[in-house]
Amino acid sequence: MTINIDKKQFQQDLISWFLAEKRDLPWRRTADPYQIWISEIMLQQTRVDTVIPYYKRFVEKFPTLQALAEADEQILLKEWEGLGYYSRARNLQAGVKEVAENYGGIVPDNRKEFSALKGVGPYTAGAVLSIAYGIPEHAVDGNVMRVLSRILLIEEDIAKPKTRKIFEEAVTEIISHDDPSSFNQGLMELGALICTPTSPKCLLCPVREHCSAFDEGKQQDLPVKTKAKKNKAMQYAMIAVKEGDCVLMEQRPSTGLLANMWQFPMVELAKEALPLEIEEELSENFSGVVDGVEKITSFKHVFSHLTWNVDGYIAKGENLILPAHMKWVTAAELELLPIAGPVQKMKTALQLRGDV
DNA sequence: AAACCGGGGTG
DNA sequence: CACCCAGGTTT
């Protein structure tokens, strides 16, 4: 990788712009490595505007590393509810527990130790080390790859895992050692505000004079990125089984999609099913009596890699023998269980009917 | 290297 | 509606 920019001038132009134009974000008001760590985990695959309210609630609820280390997982997941990628929350807590136990509660200040923690990959390690500790480590995310692909005219496919190394080497070469934090944040802020995926605002760009893509009119063609395969559709019945004031809930397995989250019992269907068939299917699962099955709603939930087509039913249960991952809850208890998007849609439909 | 893991925004 | 965005872990 040959880098033909004036490094010192580039650093100064980028950092000056960042210091003048940076957004006032909650995690930019703390120097606490623990809180900066939380922000970087939340910001993975998630937009700034979405993260802000979650971050504020989260640091209020778990203000110290020790508080998070000791938190109950269900409380933790409830705080994360709606943010998605729930394994981030569980991995963060695992990492925090390691720091509490093995590092006396002090977040490690070197890449080797920090990136060995659960949920901390190359990007997060570099981001926290540079922002919290001022260490000149690369922090290459999608924004940085887009920005640098244009400035340095790098035409490798950024969807390929090995391409990230090219960008890490480039950042290592050009990062400011006087202010690594503003340099890394400046690259990402530039990607968010100016050097956007479509229609980059080159006329407002503080480093336009350093940009090879702009020079050659290729900014719209970069970065090169092959696109992902399309997703797969699944058909489910989701059933709110009621007995008295209680409704039946089940916890998902501890691995895989929506791990450890709660839901109304679900059954996968080969195709759309009739209420009577749902009744038979359920009775087999519960070794008890389920009847009065009635369809109340129908909705779709799209994940990145698959789509759930869900038919929502209510039913009455009687003397059911429950497997270990199921329990009866009252309306108040239901509010405390962490649930993901599709289950929230079902819950809302039930609440509109006055069923829960 | 490829597959798995959510949710929200834009055009 | 179709399409875009994106870091870490597991296989």
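Order of the sequence lines fixes the chain letters, A, B, ..., with proteins taken first and strands second; residue numbering starts at 1 for each chain.
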Select base, sugar-phosphate, or nothing to describe what [X] touches, counting heavy atoms under 4.0 Å on all strands.
{"X": "A/L258", "value": "sugar-phosphate"}
{"X": "A/R146", "value": "sugar-phosphate"}
{"X": "A/K160", "value": "nothing"}
{"X": "A/A340", "value": "sugar-phosphate"}

Has the side chain of A/Q45 got a donor or acceptor that lies under 3.5 Å from a partner of the other kind on the base of C/dG7?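 Answer yes: a donor N or O sits under 3.5 Å from an acceptor.
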Using whole Å, what does the distance between atom [atom2] of nucleotide [N] and atom [atom1] of [X] come to?
{"X": "A/L306", "N": "B/dG7", "atom1": "CG", "atom2": "C1'", "answer": "13 Å"}
{"X": "A/Q44", "N": "B/dG8", "atom1": "CD", "atom2": "C1'", "answer": "17 Å"}
{"X": "A/L83", "N": "C/dC5", "atom1": "CG", "atom2": "P", "answer": "20 Å"}
{"X": "A/F303", "N": "B/dG8", "atom1": "CZ", "atom2": "P", "answer": "11 Å"}
{"X": "A/I52", "N": "B/dG9", "atom1": "CD1", "atom2": "P", "answer": "12 Å"}
{"X": "A/L117", "N": "C/dT9", "atom1": "CG", "atom2": "C1'", "answer": "15 Å"}
{"X": "A/L43", "N": "C/dG7", "atom1": "CG", "atom2": "P", "answer": "11 Å"}
{"X": "A/L257", "N": "C/dT9", "atom1": "CG", "atom2": "P", "answer": "18 Å"}

Using the ring-ring contact (aromatic ring centres under 6.0 Å, His included) definition, which of the options A/Y34, A/Y55, A/Y54, A/W37 pairs with A/W27?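 The ring-ring contact (aromatic ring centres under 6.0 Å, His included) with A/W27 is passed solely by A/Y55 among A/Y34, A/Y55, A/Y54, A/W37.
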How far does the [atom1] atom of [N] sit from the matching atom of [M], given to the nearest Å?
{"N": "C/dC5", "M": "B/dC5", "atom1": "P", "result": "22 Å"}
{"N": "B/dG6", "M": "C/dC4", "atom1": "C1'", "result": "15 Å"}
{"N": "B/dA3", "M": "C/dA6", "atom1": "C1'", "result": "15 Å"}

Is the terminal nitrogen or CZ of A/K22 (NZ for Lys, CZ for Arg) located under 6.0 angstrom from the six-membered ring centre of A/W17 and within 45° of that ring's axis?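 No, cation not above the ring by the 6.0 Å, 45° rule.
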State plainly whether the residues [X] and [Y] are in salt-bridge range, i.e. N to O under 4.0 Å.
{"X": "A/E173", "Y": "A/K7", "value": "yes"}
{"X": "A/R23", "Y": "A/E189", "value": "yes"}
{"X": "A/E81", "Y": "A/K78", "value": "yes"}
{"X": "A/E168", "Y": "A/R164", "value": "yes"}
{"X": "A/D291", "Y": "A/K316", "value": "no"}
{"X": "A/D49", "Y": "A/R47", "value": "no"}

Ignoring the backbone of [X], work out which of [options] is nearest its side chain.
{"X": "A/Y85", "options": "C/dC5, B/dG6, C/dT9", "value": "B/dG6"}
{"X": "A/N143", "options": "B/dG9, C/dT10, C/dA6", "value": "C/dA6"}
{"X": "A/R47", "options": "C/dG7, B/dG7, B/dG6", "value": "B/dG7"}
{"X": "A/P122", "options": "B/dA1, C/dC5, C/dG8", "value": "C/dG8"}
{"X": "A/Y123", "options": "B/dG8, C/dG8, C/dC5", "value": "C/dG8"}
{"X": "A/P161", "options": "B/dG7, C/dG8, B/dA1", "value": "B/dA1"}

For a quick test of reading the model: is some side-chain N or O of [X] closer than 4.0 Å to OP1 or OP2 of [N]?
{"X": "A/H301", "N": "B/dG6", "value": "no"}
{"X": "A/K300", "N": "C/dC1", "value": "yes"}
{"X": "A/T124", "N": "C/dG8", "value": "yes"}
{"X": "A/K118", "N": "C/dT10", "value": "yes"}

Would you write out the dot-bracket form of DNA chain C, 5' to 3', with Watson-Crick and G-U pairs under 3.5 Å, [ ] for crossing pairs, | for pairs to other strands and . for unpaired bases? |||||.|||||
Does A/Q251 reach the main-chain N or O of A/N260 with its side chain, forming a donor-acceptor pair under 3.5 Å?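 Yes: the side chain of A/Q251 pairs with the backbone of A/N260.
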So A/I131 and A/Q185, do their side chains get closer than 4.5 Å, heavy atoms only?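 A/Q185 vs A/I131: side chains touch.
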Stretch residues 72-81 of chain A: residues that reach within less than 4.0 Å of DNA chain C through a heavy atom: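 Those residues whose heavy atoms fall under 4.0 Å from DNA chain C, taken from residues 72-81 of chain A, amount to none.
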Candidates A/K345, A/K300, A/K295 - the one meeting salt bridge (charged side-chain N to carboxylate O under 4.0 Å, His left out) with A/D311: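 Testing A/D311 for a salt bridge (charged side-chain N to carboxylate O under 4.0 Å, His left out) against A/K345, A/K300, A/K295 leaves exactly one candidate, A/K295.
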A/K347: partners by salt bridge (charged side-chain N to carboxylate O under 4.0 Å, His left out), with sequence neighbours left out: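 A/K347 satisfies salt bridge (charged side-chain N to carboxylate O under 4.0 Å, His left out) with A/E335 only.
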Would you mind telling me which residue lines up with the more 5' stretch of DNA chain B, A/G341 or A/T198, judged by nearest nucleotide?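 Checking each residue's closest nucleotide, the 5'-ward one belongs to A/G341.
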Taking for each residue the nucleotide of DNA chain B with the nearest heavy atom, is it A/T255 or A/D49 whose nucleotide lies nearer the 5' end?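 The 5'-side residue here is A/T255.
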Whichever of A/V120 and A/T46 has its nearest DNA chain C nucleotide further upstream toward 5':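 Comparing both residues, the 5'-ward one is A/T46.
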